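Here's the structure, in structure tokens; my notes come after.
Per chain, numbering begins at 1; letters A, B, ... match sequence-line order. Just so you know, these numbers use all the heavy atoms, side chains as well, and skip hydrogens, waters and symmetry mates. Everything numeric here is computed off the predicted structure, so don't read it as measured data.
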2 protein chains.
Amino acid sequence: MLLHASYIVGMQETANAATIESPLPEQAPLLDRLRALVLGGEYPPGALLPELFLAEEFEVSRTPIREALKQLENEGLVEIRPRVGTFVRQPTRREIVELFELKGGLEGLAAGLLARRGDVPEVAALQRNLEASAEAVRQGDGERYASLVHEFHAILISGSANQKLEEHYDRLMNQLAYHRLVTRSIGQPGRLGSSLHEHERVVAAIEAKDHVGAEVAMRSHVDASSAAVFRAFAAEEAASHARPDA
Amino acid sequence: MLLHASYIVGMQETANAATIESPLPEQAPLLDRLRALVLGGEYPPGALLPELFLAEEFEVSRTPIREALKQLENEGLVEIRPRVGTFVRQPTRREIVELFELKGGLEGLAAGLLARRGDVPEVAALQRNLEASAEAVRQGDGERYASLVHEFHAILISGSANQKLEEHYDRLMNQLAYHRLVTRSIGQPGRLGSSLHEHERVVAAIEAKDHVGAEVAMRSHVDASSAAVFRAFAAEEAASHARPDA
DNA sequence: CTTTGATCGTTTGCATGCAACAGAACGTAG
DNA sequence: CTACGTTCTGTTGCATGCAAACGATCAAAG
């Protein structure tokens, strides 16, 4: 409490808030609740997470907390420095590049697999998602579009009918802390429209059962989305250099 | 000791053997040593792994054992049935199909990335591996070829210069328990030669900096290798049906 | 012989205690 | 003022205790 007190997020305030209106139900597994708090930013990157603090927070002993933290370390969300403490991790720029490469590979693979499966419910779901997305773009509702994008990719992955692929994908996305990235990237000028257009090309290829085309289209969509994210980074940096104290 | 005693592998014999000539050094992290034992088959699929047994085996208390087992469950190598016990897991046929699909995706991606990188040391390493593999095939040394195949794929993955890809790949390969599969698959008639030929096509495309060709060649190589594995399965089944007591 | 019920052993889940280590704060010497 | 060594606190790593739950065994009834 003396050393790192200022690094612990929230202390009383955030802590109680998290307990009261936790994003996950009270009886959800400890691991999921903890992960949600890390991904949700309640414990921001760099924050120290002492076992005892979390134990009181979740009203359990240190043992189950400890196990959950080790899992989160395995998932790449936190870093455990032995005998020092557990810290919320933030992916480096290099890691984000790598994760997007991987994302393109996995989503491309999924698109191809889905195209091979033919007329399955997921294809219809993608079409519906496309219509809703178009509507969101027309209305310029970035928030809603971001949510639909998330759904689009989720449908696509589950449409691959490959559970292992899905597991690896979830893992990857957790590391990317995607939600925060995607909301920033669609702020890029014109990105909404081109993103939608790319989605349409993917779905068109899937409908045509063109698995190669679907994979290629999906891969290049992820590339474009990755580029948009890094443009957003660059823009933020430029802005913060203009106002160094911001 | 009463209930499942017969399911616990080895008891005294195997246990001591593992302690004496452990495949990993004594001071290696507990998790790695445990994983090696599971992957090495010392604890075969279905075996019960009581915490207390392992604790005595590794001369630590239950707590670190417990943490390691939870990690192994996360990696998909064991299954923890709450309040019952921890069992060594065996991938189902369906999971093996899925894992091979994923393997093709990741290795194809890696081949493409390596091809884009141009003249890097890994390319030369692949060429050397190819020569050694050709020699092994000429001599009909399946054992040596299997080891070289393993090396080939490892070089390729690390040549992608994508650490995250490599992490996911390692995870995938652990789940596949690949070594046991590959040795069986290359027993298939003619598989050695065609496998080598496929490797050569991959390397040729990489040398030509043809990243699309490299990805396609690698993907189809994995498909062929997967097919060989399932042919080996079918052959084994046919054999065991002929001799049901074998 | 089959089925049902109670009992008992095994194993985990979680709480807690204690020692070891890392790192910050502080005082002291130069 | 700076550099250095000491102390002291926070935090983890591991050991152990205890209760709960699961499942097998065994006995008794139909």
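- When the P atom of D:dG23 is taken as reference, atom CG of B:L48 falls 12 Å away, rounded to whole Å.
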Does the side chain to side chain contact (heavy atoms under 4.5 Å, CB included) test come out yes or no for A:L48 and A:Y43, once each step is laid out?
CA-CA 8 Å; A:L48 171 66; A:Y43 304 137; over 6 Å; no
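- In this structure, A:E51 atom CD and C:dT16 atom C1' are separated by 13 Å, rounded to whole Å.
- DNA chain D is contacted by B:S61, B:R62, B:T63, B:P64 of residues 61-80 of chain B, taking any non-hydrogen atom closer than 4.0 Å.
- Taking a 6.0 Å sphere around CZ of B:R116, one finds it holds 12 or fewer heavy atoms contributed by other residues, nucleotides or ligands.
- Under the 4.0 Å criterion applied to side-chain N and carboxylate O atoms, A:E75 and A:R171 are not assigned as salt-bridge partners.
- Of the two residues contacting DNA chain C, namely A:V60 and A:P82, the nearest-nucleotide position lying further toward the 5' end is that of A:V60.
- By the 6.0 Å and 45° rule, B:R81 stacks over the aromatic ring of B:F87.
- Rounded to a whole Å, the CD atom of A:E56 is 13 Å from the P atom of C:dA15.
- Using modelled atom types, one finds no donor on one side chain facing an acceptor on the other under 3.5 Å when comparing A:Q71 with B:K70.
- Computed from coordinates, the A:R83 CZ to C:dC18 P distance equals 16 Å when rounded to whole Å.
- Between B:R62 and B:E67 no salt bridge is recorded (no basic side-chain N to carboxylate O distance below 4.0 Å).
- One interatomic measurement links the two molecules: CZ of A:R81 to C1' of C:dC21, which rounds to 14 Å at whole-angstrom precision.
- If you take CG of B:L49 and P of C:dT10, they are 18 Å apart, rounded to a whole angstrom.
- Comparing the local axis fitted to the first five base pairs of the helix from C:dC1-D:dG30 to C:dG30-D:dC1 with the one fitted to its last five gives a bend of 10°, rounded to 10°.
- Between A:H168 and B:H168, the ring planes are tilted. Angles from 30° to 60° get that label.
- Taking atom CG of A:L52 as the reference point, atom P of C:dT16 lies 11 Å away to the nearest angstrom.
- The only member of B:E98, B:Q175, B:E101 that meets side-chain hydrogen bond (donor to acceptor under 3.5 Å, both in side chains) when paired with A:K164 is B:Q175.
- Looking at B:R94 and A:N162, their side chains never bring a donor and an acceptor atom within 3.5 Å of each other.
- Counting to the nearest Å, the P atom of C:dA15 and the CD atom of A:E59 are 11 Å from each other.
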